[in-house]
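Sequence positions, counted from 1, serve as the residue numbers for this chain.
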Amino acid sequence: MDTPDAWRKSSYSGPGDGDSCVEIADRRTQVAIRDSKYPTYGSLSFPPAAFATFISTLKTETAAKPSPRPQPRT
C-alpha cells in the first residue's frame with residue numbers, strides 16, 4: 001500500500017543505519033505498522049485501542065524482564 005502517511009521509526013532502530021525496526025503511521029481510524037527494511041511489502045493495521053493495549057503490554061513485559069543492553073563502544 002503506497003499512501004502519504006507520515007511513517008516514523010521506532011526509537012529502538014538498531015545499530016548502523018537504523019533500518020532494523022518497525023515503522024508506524026497514525027491514521028484516523030487505525031495505526032499501521034510496517035517493516036522499515038521492506039516498506040513496500042505492505043503493512044498491518046490495528047484499531048488505536050488495540051495498538052495502545054499492545055504497546056502497554058510490551059512495556060510491562062519489558063520492565064518485568066529487562067534484556068541486556070549492548071555496551072557502548074569505546
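For the pair D26 and R8, the minimum side-chain heavy-atom distance is below 4.5 Å.
Each of I55, T53, T60 was scored for a side chain to side chain contact (heavy atoms under 4.5 Å, CB included) with T57, with one residue passing: T53.
In terms of heavy-atom proximity, F51 sits nearest to I24 at CZ-CG2, 4.0 Å. Considering every non-hydrogen atom in both R27 and W7, the closest pair reads NH2-CZ2, 4.0 Å.
A side-chain donor-acceptor contact under 3.5 Å links S36 to the backbone of C21.
Residues that satisfy the salt bridge (charged side-chain N to carboxylate O under 4.0 Å, His left out) test with R28, not counting sequence neighbours, are absent from this structure. Here L44 pairs with F46 under the side-chain contact (heavy atoms from CB on, under 4.5 Å) rule; sequence neighbours left out.
Rounding to the nearest 0.5 angstrom, the gap separating the CZ atom in R34 from the OG atom in S43 is 7.5 Å.
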